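What you are looking at is a predicted structure, and each value in this text was computed from that prediction instead of being measured.
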Amino acid sequence: MQHDPIIFSVFLIFAGAAVAATLALYARQSMLVSYILLGMLLGPWGLDLVGEPQTIQDISHVGVIFLLFLLGLNLHPQKLIQLFRATLLVTLVSSLLFSTAGFAVGVAFGFTMLESLIVGLACMFSSTIIGLKLLPTTQLHHQHTGEVIISVLLLQDLIAIIILLFLQGSGNEGSLWQSLMLLAVALPALIIAAFAVARFVLVPLFMRFDTIQEYVFLLTIGWCLGVAELGAMMGVSQEIGAFIGGIAIASSPISTFIAESLKPLRDFFLVMFFFSLGASFDISMISVVLMPVLVLVALLLLLKPFVFSRLLQQTGEQGALSKEVGIRLGQVSEFSLFIAILALESGVIGAEASYLIQLVTLASFIVSSYWIMLRYPTPIAVSAKLRRD
């Protein structure tokens, strides 16, 4: 009897992740890093036991969607607008500084002006997954630190979507401007539609059948993925669609139960996500881009915490909070991977520049997660003193 390759891959991922996580905990190392290294080991560039990392990555993307949905589920719209106003200038100025640093390194190592520009754009963002996965739930949902981090990350995500639209339309100027106009119309339309359906359909159903937990769970999953897919169809992105869907039912009395019930499902898919990051990277390219990677990673890991800390202090935030936010946002983003791959497929940059961005992203994930876990509370800290859920 032949085994199903997808089921076999899922078995290898989670059996391997269980072993890797156990070893990581005994060695007092990061579990997230162990998932990435496991992907490198078992993926097509390692032992080639999981030969379809793109399929796994597509499936694992559901975890990112759930992550953004849960964020929205714990944010009231009025609070979100206040946060955006407070962090808009911080996000724009920091993005400009980080992109300039990336551009300068690209030029210094002989990349073309266009390739250096793409490298710079990829350096603008911080990781939504690292930033939020390593933040305790109580701090994420009920403390000001979590609110500041969420607002900066969401504004960065919107900028990243616009950049991705530019790359998709790089060969067709008319298509590009048409996409941008559609985005300007689609985002408000999606918000209005989500809030209308939530108020007049979803919340009444929750209130009537709230004692049937299976129904609440199914209705929530359907709503989350439905709004995410609608967002993708309207050109807004699945992540932003899911986030809007979460905000739309944030005021529901049942939102707390929904958030708790979805956390294990989110974590299941996020393990696959981190595995797929490692599995998709060509290890043989490390020697080709090693020097610019080392320089750029070191520069960003030092620059990002400093810049975020100083900018947030200028807006009136306390020094300790500003420093913590800066360190938690001190890595490169998973959106940078999307930019690197799309730019390569569009012929905007070469393979070397694309792998530079990808390796900088992975390296910053690894170093930043260690830095955060050793200094601040996280749900998966190796130290019991710092472990907070």
Checklist entry - Is there a side-chain contact between V216 and I212 (heavy atoms, below 4.5 Å)? => result no
Next on the checklist: Using side-chain heavy atoms (C-beta onward) and a distance below 4.5 Å, is F66 in contact with L270?
Outcome noted: no
Next on the checklist: So which atom in I357 and which in S336 form the shortest heavy-atom distance, rounded to 0.1 Å?
Outcome noted: CG2-O, 3.5 Å
Checklist entry - How long is the gap from CG on L300 to OG1 on T361, to the nearest 0.5 Å? => result 9.5 Å
Checklist outcome for this item: d(T220 OG1, F206 CZ) to nearest 0.5 Å is 3.5 Å
Item to check | Shortest non-hydrogen separation from I327 to Y376 and the atoms involved | outcome: CD1-OH, 3.5 Å
Checklist entry - Same hydrophobic cluster for I192 and V203, using side-chain heavy-atom links shorter than 4.5 Å among ILVMFWY? => result no
Item to check | Student check: side-chain heavy atoms of F111 and V119 closer than 4.5 Å | outcome: no
Next on the checklist: A side-chain contact here means heavy atoms from C-beta on lying under 4.5 Å apart; do S368 and I372 qualify?
Outcome noted: yes
Item to check | Minimal non-hydrogen separation, L42 against L47, with atom names | outcome: CD2-CD1, 4.2 Å
Item to check | CG on L190 to CZ on F195, rounded to 0.5 Å | outcome: 10.0 Å
Item to check | V148 with F306, same ILVMFWY side-chain cluster at under 4.5 Å | outcome: yes
Checklist entry - Is a side-chain donor or acceptor of S354 paired with a backbone partner of G350 at a separation under 3.5 angstrom? => result no
Checklist entry - Quick check: does any side chain N or O of S99 sit under 3.5 Å from a backbone N or O of M124, one acting as donor and the other as acceptor? => result no
Checklist entry - Same cluster or not: are L302 and F365 linked, directly or through other Ile, Leu, Val, Met, Phe, Trp or Tyr residues, by side-chain heavy atoms under 4.5 angstrom apart? => result no
Item to check | Side-chain touch I13/Y35, heavy atoms, less than 4.5 angstrom | outcome: no
Checklist entry - What do the steps show when you test F14 against F275 for ring pair (Phe, Tyr, Trp, His ring centres under 6.0 Å), and what is the final call? => result CA-CA 10 Å; F14 285 94; F275 177 93; 8.9 Å; no
Checklist entry - Can you check whether R328 reaches I149 side chain to side chain, under 4.5 Å on heavy atoms? => result yes
Checklist entry - Can you list the steps and then say if L92 with I159 is a side chain to side chain contact (heavy atoms under 4.5 Å, CB included)? => result CA-CA 9 Å; L92 294 178; I159 296 173; 4.2 Å; yes
Checklist entry - Can you tell me how far the CD1 atom of I221 sits from the CZ atom of F217, to the nearest 0.5 Å? => result 4.0 Å
Item to check | Heavy-atom closest pair, residues V107 and S116 | outcome: N-OG, 3.1 Å
Checklist entry - Q156 side chain to S126 main-chain N or O, any donor-acceptor pair under 3.5 Å? => result yes
Checklist outcome for this item: Minimal heavy-atom distance between P292 and V105, with the atoms involved, is O-CG1, 4.3 Å
Item to check | side chain to side chain contact (heavy atoms under 4.5 Å, CB included) between I339 and F125, intermediate numbers included | outcome: CA-CA 11 Å; I339 290 173; F125 313 110; 3.6 Å; yes
Checklist entry - Do V93 and V325 belong to the same hydrophobic cluster, where Ile, Leu, Val, Met, Phe, Trp and Tyr are linked whenever their side-chain heavy atoms lie under 4.5 Å apart, directly or via other members? => result yes
Checklist entry - So with a 6.0 Å cut-off around OH of Y215, is the heavy-atom count from everything else above 12? => result yes
Next on the checklist: With heavy-atom distances below 4.5 Å as the criterion, would you say the side chains of F268 and M272 are in contact?
Outcome noted: yes
Checklist entry - Stepwise, does the side chain to side chain contact (heavy atoms under 4.5 Å, CB included) test hold for T378 with L135? => result CA-CA 5 Å; T378 69; L135 200 62; over 6 Å; no
Next on the checklist: To the nearest 0.5 Å, what is the distance between CZ on F269 and OG on S276?
Outcome noted: 12.5 Å
Checklist entry - Y370, L362: one ILVMFWY side-chain cluster at the under-4.5 Å cut-off? => result yes
Item to check | Side-chain (Q331) to main-chain (S127) donor-acceptor, under 3.5 angstrom | outcome: yes
Next on the checklist: Main chain of E115, side chain of T112: is a donor-acceptor contact present, judged purely on distance under 3.5 Å?
Outcome noted: yes
Next on the checklist: What verdict does the side chain to side chain contact (heavy atoms under 4.5 Å, CB included) test give for L296 and V332, after you've listed the backbone C-alpha separation in whole Å, the side-chain angles of each residue and the deciding distance to 0.1 Å?
Outcome noted: CA-CA 11 Å; L296 191 51; V332 186; over 6 Å; no
Next on the checklist: Using side-chain heavy atoms (C-beta onward) and a distance below 4.5 Å, is C224 in contact with I65?
Outcome noted: yes
Item to check | Verdict with supporting geometry, Q313 and S309, side-chain hydrogen bond (donor to acceptor under 3.5 Å, both in side chains) | outcome: CA-CA 6 Å; Q313 288 182 52; S309 178; 3.1 Å; yes
Next on the checklist: As an exercise, state the distance from OG1 of T91 to CG of L153, rounded to the nearest 0.5 Å.
Outcome noted: 8.5 Å
Checklist entry - Which pair of heavy atoms, one from A198 and one from P204, lies closest together, and at what distance? => result O-CD, 4.0 Å
Checklist entry - Under the 3.5 angstrom rule, does the side chain of W223 hit a backbone N or O of G245 as a donor-acceptor pair? => result yes
